[in-house]
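Please read the structure below before turning to the comments.
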Amino acid sequence: MNADLHCHSTVSDGTLEPEALAARAKANGVELWALTDHDELGGQQRARAAARAAGLPYLNGVEISVTFLDTTVHIVGLGIDSDDERLRQGLAATRGGREARAREMADELAKVGITGSYEGALRYVGNPDLISRTHFARHLVESGVCADTQEVFRRFLVEGKPGFVPHRWATLANAVTWIGAAGGVAIVAHPARYKFSPTEEYALFSEFKGHGGRGVEVVTGSHTAAEAERYAGTAREFDLLASRGSDFHSPDESRIDLGGLPPLPATLTPVWDALTERIHKPG
Ligand code: AMP
Ligand code: MN
Ligand code: MN
Ligand code: MN
């Protein structure tokens, strides 16, 4: 099945509205879709309605920012109740502090001669509650500091580079329990991105499971074929459901389009097998 269970709209740091994403997913042959904005459920109703209009089965989704071993880890929640009060409050708390962090990021960039980046980034923000590094990256490209957003994330905004401001997000325990209590399945997003040592990575997956986490993204826009194979092994080792999602943000920036990923390895159990009751079917 061509499931695409990870992408972003203007409600977080994507450049397309939820309606445009639904149409694009349908046109690209997606058969099960989820919008997973960062720390925010504000796009869920729109995505669900647009998916229904397009005849596209839909799962509610979210991508929660977590701090684990001083590293930012992303936990995707699928099949959640998007009105769940505890999840909504947890996400609101997780979003808080983005504004102050963004102002600090701009102060740090000013120290290396890049002025006005807070105001610049704000011009790309669709949701004032959710200013992110991606919006700074777009501004740095548009103003000619970098050629593309990949260059921004090599030269700026990451640990050890100008404009990086460490931040405390939700705890792993909180994110996983919020998702589970809202009826969803918690999934470790794009694990190859974190650069953990084998011991740290083992700690991540064992603690994640201990808190009730159930899945891992195996095939994602952030993984090479070798990384997908490696995390297929992790899914087997930890008895986790396998997820698949492009992490599409923008037609101009994303390497993998909605629906454009290779299939999951056939030996794994897809996460949607555990979510059949949570799928919003059109018609
Ligand atoms: P934030 O939540 O403000 O820390 O921003 C994180 C977002 O920055 C991610 O969700 C990605 O959209 C983007 N990002 C992080 N690292 C990279 C990278 N190496 N290349 C492109 N985008 C990145
Ligand atoms: Mn993002
Ligand atoms: Mn992510
Ligand atoms: Mn993402």
Side-chain angles (χ1 to χ4, degrees), residues 4-16 21 33-40 43 61-68 70-78 91 94-106 108-109 117-118 121-122 124-141 146-161 163-170 175 186-195 204 215-217 219-224 227 231 243-250 252-256 258 261:
D4 194 328
L5 305 178
H6 187 153
C7 70
H8 300 273
S9 77
T10 49
V11 173
S12 64
D13 62 348
T15 63
L16 301 183
L21 287 169
W33 178 52
L35 172 67
T36 54
D37 278 310
H38 297 285
D39 307 320
E40 174 62 90
V62 68
E63 182 175 21
I64 306 182
S65 312
V66 158
T67 302
F68 182 79
D70 291 328
T71 300
T72 300
V73 166
H74 286 168
I75 301 295
V76 162
L78 294 177
L91 294 178
T94 307
R95 286 194 300 271
R98 275 191 181 264
E99 161 83 21
R101 169 192 184 234
R103 290 186 185 276
E104 269 188 75
M105 284 166 58
E108 292 302 309
L109 288 171
S117 66
Y118 176 75
L122 264 191
Y124 295 91
V125 169
N127 172 0
D129 241 18
L130 221 122
I131 184 161
S132 96
R133 285 185 290 161
T134 313
H135 303 113
F136 279 81
R138 288 183 188 136
H139 167 67
L140 292 180
V141 171
C146 293
D148 54 34
T149 53
Q150 295 302 321
E151 184 186 339
V152 176
F153 284 101
R154 278 196 307 275
R155 292 177 50 203
F156 301 97
L157 311 182
V158 292
E159 184 136 31
K161 299 291 163 72
F164 179 73
V165 173
H167 196 73
R168 284 249 144 238
W169 304 107
I187 295 156
V188 176
H190 44 63
R193 288 252 296 261
Y194 308 130
K195 314 294 174 211
L204 170 65
V216 58
E217 273 185 357
V219 173
T220 117
S222 313
H223 284 179
T224 62
E227 287 165 343
Y231 289 100
S243 194
R244 176 177 189 261
S246 58
D247 207 359
F248 180 79
H249 282 71
S250 160
D252 300 324
E253 296 163 14
S254 297
R255 198 170 52 86
I256 303 288
L258 279 166
L261 287 170

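For ligands, and for the atoms within them, numbers begin at 1 and follow the listed sequence. Position 1 is the first residue of the sequence, and the numbers go up from there.
Listed by atom number, the atoms of ligand 1 under 4.0 Å from R98 heavy atoms are 1 (P), 2 (O), 3 (O). Atoms of ligand 1 found under 4.0 Å from any heavy atom of T134 (numbered from 1 in listed order, with element): 7 (C), 8 (O), 11 (C), 12 (O), 13 (C). Remark: ligand 1 atoms within the under-4.0 Å shell around heavy atoms of Q150 are 20 (N), 21 (C). Listed by number with element, the atoms of ligand 1 under 4.0 angstrom from any heavy atom of R101 are 1 (P), 3 (O), 4 (O).
Residues E227 and P191 fail the side-chain proximity criterion, which asks for heavy atoms closer than 4.5 Å. When side chains are defined from C-beta on, H6 does not count as touching L258, because their heavy atoms never get closer than 4.5 Å. Within the 4.5 Å cutoff, side-chain heavy atoms of H8 are placed close to those of D247. With contacts defined as side-chain heavy-atom distances shorter than 4.5 Å, the pair F136/V152 does not qualify.
For R138 and D148, the salt-bridge test fails: no basic side-chain N is under 4.0 Å from an acidic carboxylate O.
In H249, the part holding a heavy atom less than 4.0 Å from any atom of ligand 1 is the side chain. Contact annotation for E253 and ligand 1: no heavy atom of the residue comes within less than 4.0 Å of the ligand.
The name of the N, O or S atom in E63 nearest to the Mn ion (ligand 4) is OE1. Among the heteroatoms counted here (N, O or S) of H74, ND1 is the one nearest to the Mn ion (ligand 3). Atom NE2 is the N, O or S atom of H8 at the shortest distance from the Mn ion (ligand 4). Here the N, O or S atom of D247 that is nearest to the Mn ion (ligand 4) is OD1. Between the Mn ion (ligand 3) and the N, O or S atoms of H190, the shortest distance is to NE2.
With R133 contributing its side chain and L157 its backbone, the two residues share a donor-acceptor pair below 3.5 Å. When atom types are taken as modelled, the side chain of D4 and the backbone of S246 share a donor-acceptor pair closer than 3.5 angstrom.
R133 NH2, 3.6 Å is the protein heavy atom nearest to atom 6 (C) of ligand 1.
Taken to the nearest 0.5 Å, the CG atom of D129 stands 5.0 Å off from the CZ atom of R95. In this structure, OG1 in T10 is found 8.5 Å from CG in N127, a value given to the nearest 0.5 Å.
With no hydrogens or angles considered, no side-chain donor-acceptor pair links H167 and E104 at under 3.5 Å. There is no side-chain donor-acceptor pair under 3.5 Å between H135 and D13.
Residue side and main chain included, H38 places no N/O/S atom under 2.8 Å of the Mn ion (ligand 4). The Mn ion (ligand 4) lies at 2.8 Å or more from every N, O or S atom belonging to C7. Not a single N, O or S atom of H6, from either the backbone or the side chain, sits less than 2.8 Å from the Mn ion (ligand 3).
Selection from W169, F164, F153 by nearest heavy atom to atom 16 (N) of ligand 1 gives F153.
Considering both main-chain and side-chain atoms, D13 comes within under 3.5 Å of ligand 1 through a nitrogen or oxygen pair.
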